Amino acid sequence: MPEERIHSGAMTGTEWRNWAGNQIAHPAEYVEPRSVDELRALVARAERTVKCVGAGHSFTSIAVTDGIQVGLDRLSGIESVIPGDDGSALVTVLAGTRLRELTASLWERGLAMTNLGDIDEQSIAGAISTGTHGTGARFGGISTQVRGLKILTADGTTLTCSREENPDVFDAARVGLGALGIITHVSLHCVPAFALHAVEAPASLSRTLAELDDTVSAVDHFEFYWFPHTDRVLTKTNTRLPADSPLAPLGRIRAYIDDDLLSNTAFEAINRVVTRFPAAIPRVNTFSARALSAREFTDRSYRVFASSRTVKFREMEYAVPAEAITYVLREVDRWLESSGFAVAFPVEVRFAAADDIWLSTAYGRASAYIAVHQYHRRDHREYFDAVEAIARSVGGRPHWGKLHSMTAADLTGAYEHFDDFCAVRESLDPDRLFGNDYLGTVLGEKSGPAARPPIVE
């Protein structure tokens, strides 16, 4: 059984739960293959659907199955490093490698991933399959760093894909939803290691939005957190520096107070209280926003990108055209005021460059991301439905690993290459060995366990 981690899904007996606890599966079998050959043998004998699971940090049912659930944690580590002429390198890793271990190993080799999200517990295969991204208007999501993939398909073939080899599969598989096969290897373009100078400061939402275009274009990695029911935000500005720059990380005590005690322990306690007394949320948010203090530090890039989160929540995130984010935020603010709905979690806003990956949320356009959260003991549906309607009104696309209500009928119009993706899937997995109900919903057909014949006991 897999080791339970802070941001991991957990297996107990025959029951699996994701990190947030909102998705539950009862797989007939759970397997952790030690090699690609073992994985191939598993696929060859499978008589029910096969679904891979990584950290279990997706909020959707994308990894749920009552067939065979496959953990890739034992397929982990860096397999090869091919240096480039400019200090970069092509690094091939096994699919189950967790981002936390990968980024630390890269640093020891003088390398780094160009960009990361704020959670680093995911496996590399899971992160790219669901379109995990970071922030920075000049930088794409993790999938844009992929230069090649090896995929074990339903017929037991290991298919290699890149821009030059099987390019259609490559365009589909870089954000593949686990629908095409099992990723076994990922080749990443890694850059020379770099540090980040982080400046975090309280500000007003109105001023932040007024200066947003200039800030986003000038800063390497910019994001902000808006406290609903207030005009207050926390801005985060990260500037890239050479790896040999003097590091000045947060002191151990300050890091513990800010990141463990306040951001997690105290925040958990606050959410427990306001769950019972939601009318207090606007006053609590006002107090929390005004209690924020600025901080500044410099550390290894991967340490600055990632943060620890132990308070459980539900999350929805939409990518909208970058120029629409001010409208979206103002509309969310208006809805909160008119509805009387109270939200304790900050709203997170990030940015990404356009890319050419078929099912990437940033396909063909510079994007802004609005992520909304709700404490796991409170109902999220009314809030998420309202924000989703606002985001969809400007052409928003949902994060594949976070809650949303869009179906294939909606998504066909949102993605130029949606039908091309489905055609690649049809060619690689016509019998839906890797299907489940989530894929059936978003790709437009029944693709759950019933698509495979049952095991004869």
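Predicted model only: the values in this text are computed from it and were never measured.
For residues 128-147, the salt bridge (Lys or Arg N to Asp or Glu O under 4.0 Å) pairs, not counting sequence neighbours, are R138-D220. Counting only residues at least two apart or in different chains, salt bridge (Lys or Arg N to Asp or Glu O under 4.0 Å) contacts with residues 208-219 comprise R207-E211. Residue pairs meeting the salt bridge (Lys or Arg N to Asp or Glu O under 4.0 Å) criterion with at least one member in residues 382-400, sequence neighbours excluded: R392-D410. The list of salt bridge (Lys or Arg N to Asp or Glu O under 4.0 Å) pairs with a residue in residues 322-334, not counting sequence neighbours, reads E331-R334.
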Verdict with supporting geometry, T92 and S187, side chain to side chain donor-acceptor pair (under 3.5 Å): CA-CA 4 Å; T92 298; S187 295; 2.7 Å; yes
Candidate pair T65 and T49, rule side chain to side chain donor-acceptor pair (under 3.5 Å), full reasoning: CA-CA 7 Å; T65 183; T49 53; 3.1 Å; yes
Residue pair L443, F421: steps toward the side chain to side chain contact (heavy atoms under 4.5 Å, CB included) verdict: CA-CA 9 Å; L443 297 179; F421 181 95; 4.0 Å; yes
Audit row: V343, Y383, side chain to side chain contact (heavy atoms under 4.5 Å, CB included) steps and yes/no: CA-CA 8 Å; V343 179; Y383 176 38; 3.7 Å; yes
Derivation and outcome, side chain to side chain contact (heavy atoms under 4.5 Å, CB included), residues I78 and L102: CA-CA 8 Å; I78 294 176; L102 174 58; 4.0 Å; yes
Test side chain to side chain contact (heavy atoms under 4.5 Å, CB included) applied to E15 and I24, step by step: CA-CA 7 Å; E15 181 178 278; I24 302 172; 3.6 Å; yes
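The pair E317-K402 meets the salt-bridge criterion, since a charged nitrogen lies less than 4.0 angstrom from a carboxylate oxygen. Salt bridge present: E348 and R350 bring a charged side-chain N and a carboxylate O closer than 4.0 Å. In summary, R174 and D356 engage in a salt bridge, as defined by a charged side-chain N under 4.0 Å from a carboxylate O.
Applying the side chain to side chain donor-acceptor pair (under 3.5 Å) test to N271 and every residue at least two apart in sequence or in another chain returns nothing. Taking the side chain to side chain donor-acceptor pair (under 3.5 Å) definition, one finds that H376 meets it with nothing, sequence neighbours left out. With sequence neighbours left out, L247 forms a side chain to side chain contact (heavy atoms under 4.5 Å, CB included) with A195, P249, T298, D299, R300. Residues that satisfy the side chain to side chain contact (heavy atoms under 4.5 Å, CB included) test with D168, not counting sequence neighbours, are W358, V424. With sequence neighbours excluded, the residues satisfying side chain to side chain contact (heavy atoms under 4.5 Å, CB included) with S393 are Y327. Remark: E426 pairs with P430, R432 by the side chain to side chain contact (heavy atoms under 4.5 Å, CB included) rule, at least two apart or across chains. Residues passing the side chain to side chain donor-acceptor pair (under 3.5 Å) test with R45, sequence neighbours excluded: E29. Partners of S35 by side chain to side chain donor-acceptor pair (under 3.5 Å), not counting sequence neighbours: none found.
Remark: aromatic rings of H380 and F384 are close, center separation under 6.0 Å. Taking the six-membered ring where the residue is Trp, the centroids of H57 and F59 are separated by under 6.0 Å. The aromatic ring centroids of H197 and F297 lie 6.0 Å or more from each other. You'll find the ring centres of W19 and F313 inside the 6.0 Å limit. Between F351 and F139, the distance from one ring center to the other does not fall under 6.0 angstrom.
The distance from the CD1 atom of I82 to the SG atom of C190 is 11.5 Å, given to the nearest 0.5 Å. One finds the CD1 atom of I325 at 10.0 Å from the OG atom of S367 (value rounded to the nearest 0.5 Å). Atom CG of L39 and atom CZ of R74 lie 13.0 Å apart (nearest 0.5 Å). Note that OG1 of T361 is 9.5 Å distant from CH2 of W400, once rounded to the nearest 0.5 Å. Annotation: the span from R314 atom CZ to Y375 atom OH amounts to 10.5 Å, rounded to 0.5 Å. In this structure, the separation between OG1 on T158 and CG on L149 is 12.5 Å, given to the nearest 0.5 Å.
The two residues Y318 and G396 make their nearest non-hydrogen contact at CD2-C, 3.5 Å. Heavy-atom minimum distance, A353 versus G140: CB-N, 4.3 Å. A pairwise comparison of heavy atoms in D429 and G435 identifies OD2-N, 4.2 Å as the closest pair. Residue Q69 comes nearest to A63 through the heavy atom pair NE2-O, 3.6 Å, listed as atom of the first residue, atom of the second, then distance.
Remark: R378 is positioned above the aromatic ring of F341, its terminal NZ or CZ atom under 6.0 angstrom from the ring centre and at most 45 degrees off the axis.
T97 contributes no side-chain N or O that, together with a main-chain N or O of V93, makes up a donor-acceptor pair within less than 3.5 Å. Looking at T153, its side chain does come within 3.5 Å of a backbone N or O of T157 through a donor-acceptor pair. With hydrogens and angles disregarded, no donor-acceptor distance shorter than 3.5 Å links the side chain of N166 to the backbone of V169.
The one candidate from S143, S360, S123 that meets the side chain to side chain contact (heavy atoms under 4.5 Å, CB included) condition with I128 is S143.
Aromatic ring pairs are classed by plane angle as parallel below 30°, tilted from 30° to 60° and perpendicular above 60°; the pair F222 and F224 is tilted. Between H221 and F305, the ring-plane angle classifies as perpendicular under the 30° and 60° cut-offs.
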